[in-house]
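So you know, we letter chains A, B, ... as the sequences are listed, proteins then strands, and number each from 1.
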Amino acid sequence: MISNARILGVLAELAKLIALDEGSSQAFKVRAYENAIHGIEGYPGNVSILTVKEMEAIKGVGGSIATRVKEFVDTGSVKKLDELRAKYPPALVELLKVPGLGPKTLKLIRAELGIETLDDLKAAIDRQALRELPGLGRTTEEKIAKSIERLGLHGKDRRTPIAEAMPIAAGLATELAALPGVEAAIPAGSLRRLAETIGDIDIVVAADDAQQVMQAVATHPAATEIVGSGETKTSILTRSGLQVDVRVVAPSQLGAALLYFTGSKAHNVALRQRAIDRGWLLNEYGLFEGEELLAAADESEIYQRLDLPLLPPSIRENQGEIEAAANGSLPDLVSLDQVKGDLHFHSDQSGDGRSSLEEMVAAAADRGYTYLAITEHGEDLAINGSSREQMLAHRDRIRELNTKYPEMSLLFGCELNIGPQGSLDYDPEFRLLFDWTVASVHSHFDLPAEVQTSRLLKAMADPAVNAIGHLTGRYIGRRPGIELDVDTVLEGLAVSGVALELNGALDRLDASAKVTRGAVAAGVTLVISTDSHHTSDLRRMAYGVANAQRGWAAAADVANTWSTERFLDFTRSRR
DNA sequence: GCCGTTTTCGGCCCGACTGTTTTCAGTCG
């Protein structure tokens, strides 16, 4: 069986090479491939087992593309792709990664100067050959030269983990919001949708005086370079090579601008099509009927005019959310105010905890939680874990502390460590002393997928285990997670009644939105947790909730939105 | 190359910025 990822890889390469062949990434054929890729990304099953006819049922996939996919599945290659590869060697295609160098220009310099590789391009720039070509000039040549210098730092396909980008975006937005005359400054783009990695930071600023904001951005100390600067839009590069685009709009247009700059692009295109169907125009300035403005100030107003409810940024991916919202089949997505407790929570009793038990519990009480599981590491984590004696003493502290918070149920919990063969800390009797446990993988990330899968199945078979924590153990952009058979694991969770944790730490977001959507479909119970080690980590709940939304999870699917009584029943259900 | 409550052909989202040009093409998101 061939994975969807491999098929998507083939289609992405075809799209790229056709763009080069057509001389435009906007060519309709290219967009058709991109639409097909998008459709397959949203397809829940394996595409390789489908017939051509069945593939054509996927949105964006027509006869031609379906036939090529089938050809790849059956023969392992695609004739059209092989032809294009012969026509455009890899070294040439690589040049498309240079910012400012698109397919048209690349075709031109190849035809006129015989440029086939990066070294050819550098040599041509050195002898100032580019500037002699029609449509190019000295400035363009210098711009490309500069882009080549920084290729590793900010190539077009460079992605930044959201955990890295979020604080930069938040800091910058806060500063811009403080400028006189600025009504709002909001990070938009994939960051606002909580994508795992982002290409650049987009900040939308609502202000009447754009000039002042542009000035502030261009002279910002974090800007190592100004990529572009116009009347309403300025782009800078930070030291790490991350690009930040700041766009100023009139406050009365903030909703339309936010909608546009939040994307996703595919979601926007679908919304605009919906506007066109009604004889209207939707752009970043508003929704228009001819000259008449229909809506612009609020996102919700624009959705409403298009006969849709306000869709949260987290699900704006054009993966069926617009159709579902239109026909009323979109789940009632979980929201932050429905969360009643946190179920993965450390104090400094754990070696890696940073705040005291008292501080952590007080922070949870401040958030109005009605239950809270304190889950210190088990003894198998040599450095961070607690012995039996330490755990029992900790239980006494928790029970004692609970008398000060009568409105909250404090659960004596544990984060159990799943060993390489699926073993757990302590012994079966001792494990049953805990009110709540979350079992997680912390080591042996490189085992084969079959071993990891049975490892997890064994752990969830233990009656003391309530949830599986950070499913894959990944750190986005730093460490890939364990490989596993997702369908088998989800089925195991559904059958055993063990919950799947959605870890809200920004560098984890584990289980992923995609896995979450599968879990919801499989009937798995979810819990959204922060894995807090410090009082400042409790805010991660918002990210966990947004990631749950990305997986189309309803409050009913998430155990820590349930009433205290129902939740406590759930903790005892497997014992 | 895909698609359809304007359906089998003729459309296909929309605009900012830049550089090279004198009205627009290319790139990008």
What is the nucleic acid contact for [X], judged by heavy atoms within less than 4.0 Å: base, sugar-phosphate only, or nothing?
| X | result |
| --- | --- |
| A:Leu271 | nothing |
| A:Ser24 | nothing |
| A:Tyr260 | base |
| A:Val61 | sugar-phosphate |
| A:Gly189 | nothing |
| A:Ser25 | nothing |
| A:Glu231 | sugar-phosphate |

Using the [atom1] atom as the reference point in each nucleotide, state the distance between [N] and [M] in Å, no decimals.
| N | M | atom1 | value |
| --- | --- | --- | --- |
| B:dT20 | B:dT27 | C1' | 14 Å |
| B:dG26 | B:dT21 | C1' | 13 Å |
| B:dG15 | B:dG10 | P | 26 Å |
| B:dT6 | B:dG11 | C1' | 11 Å |
| B:dC14 | B:dC9 | C1' | 24 Å |
| B:dG1 | B:dT5 | P | 23 Å |
| B:dC12 | B:dC17 | C1' | 24 Å |
| B:dC28 | B:dT23 | P | 26 Å |

Please report the shortest heavy-atom distance between A:Leu311 and A:Glu321, naming the atom on each side.
->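 Answer, listing the atom of A:Leu311 first, then A:Glu321: CD1-CG, 4.1 Å.
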Over all heavy atoms of both residues, which pair between A:Asn283 and A:Ala256 is shortest? Give the atoms and the distance, please.
->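 Looking at all heavy atoms of both residues, the closest pair is O-CB, 3.9 Å.
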If you pin A:Ile18 and A:Tyr285 to their nearest nucleotides in DNA chain B, which one's is more 5'?
-> A:Ile18
Which residue lies more 5' along DNA chain B, comparing A:Asp200 with A:Ile276 via nearest heavy atoms = A:Ile276
In whole angstrom, give the distance that lies between atom [atom1] of [X] and atom [atom2] of [N].
| X | N | atom1 | atom2 | result |
| --- | --- | --- | --- | --- |
| A:Leu81 | B:dG1 | CG | P | 14 Å |
| A:Leu108 | B:dT27 | CG | C1' | 15 Å |
| A:Leu17 | B:dG1 | CG | C1' | 16 Å |
| A:His38 | B:dC3 | NE2 | P | 14 Å |
| A:Glu22 | B:dG26 | CD | C1' | 16 Å |
| A:Glu56 | B:dG4 | CD | P | 12 Å |
| A:Met214 | B:dA16 | CE | P | 13 Å |
| A:Asp245 | B:dA16 | CG | C1' | 11 Å |

Any idea which of [options] is nearest the [X] side chain?
| X | options | result |
| --- | --- | --- |
| A:Arg68 | B:dT27, B:dG1, B:dC17 | B:dG1 |
| A:Thr105 | B:dC12, B:dG15, B:dT27 | B:dT27 |
| A:Gln26 | B:dA16, B:dG1, B:dC14 | B:dC14 |
| A:Ile65 | B:dC17, B:dC28, B:dG1 | B:dG1 |
| A:Ala32 | B:dT27, B:dC2, B:dG15 | B:dC2 |
| A:Leu281 | B:dG29, B:dC14, B:dT27 | B:dC14 |
| A:Ser64 | B:dT27, B:dC2, B:dA16 | B:dC2 |

Interatomic distance, A:Thr262 atom OG1 to A:Arg192 atom CZ [nearest 0.5 angstrom] |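 The OG1 atom of A:Thr262 sits 4.0 Å away from the CZ atom of A:Arg192.
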Could you state the interatomic distance from CG (A:Leu95) to CG (A:Leu118), rounded to the nearest 0.5 Å?
->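 A:Leu95 CG to A:Leu118 CG: 6.0 Å, rounded to 0.5 Å.
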OP1 or OP2 of B:dC2 sitting under 4.0 Å from any side-chain N/O of A:Asn35?
->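 Checking B:dC2 against A:Asn35, no side-chain N or O comes under 4.0 Å of OP1 or OP2.
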Below 4.0 angstrom from OP1 or OP2 of B:dC12, is there any side-chain N or O of A:Tyr33?
-> no
Contact check, side chains of A:Ile203 and A:Val217, non-hydrogen atoms, under 4.5 Å | no
How about A:Leu194 and A:Leu509: do any of their side-chain heavy atoms sit closer than 4.5 Å?
->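 Touching, per the 4.5 Å side-chain cut-off.
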Return yes if a side-chain donor-acceptor contact under 3.5 Å exists between A:Glu323 and A:Asn327, otherwise no.
->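 A:Glu323 vs A:Asn327: no donor-acceptor pair found between side chains.
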Any side-chain donor paired with an acceptor under 3.5 Å for A:Asn46 and A:Ser48?
->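 Their side chains do contain a donor-acceptor pair, which is all the 3.5 Å distance test asks for.
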Would A:Tyr303 and A:Leu259 count as a side chain to side chain contact (heavy atoms under 4.5 Å, CB included) if you check the C-alpha gap in whole Å, the side-chain angles of each, and the deciding distance to 0.1 Å?
-> CA-CA 10 Å; A:Tyr303 279 111; A:Leu259 192 60; 3.3 Å; yes
Expected string for nucleotides 19-25 of chain B under the B/S/- scheme (protein heavy atoms, under 4.0 Å, primed atoms plus P, OP1, OP2 as sugar-phosphate) is SSS----
Complementary nucleotide of B:dT27, counting Watson-Crick and G-U pairs under 3.5 Å = B:dA16
Verify the neighbour count for atom CZ of A:Arg479: are there more than 12 heavy atoms of other residues, nucleotides or ligands below 6.0 Å?
-> yes
Determine if A:Phe28 stacks with B:dC2; use a centre-to-centre distance below 5.5 Å and an interplanar angle below 30° as the criteria.
-> no
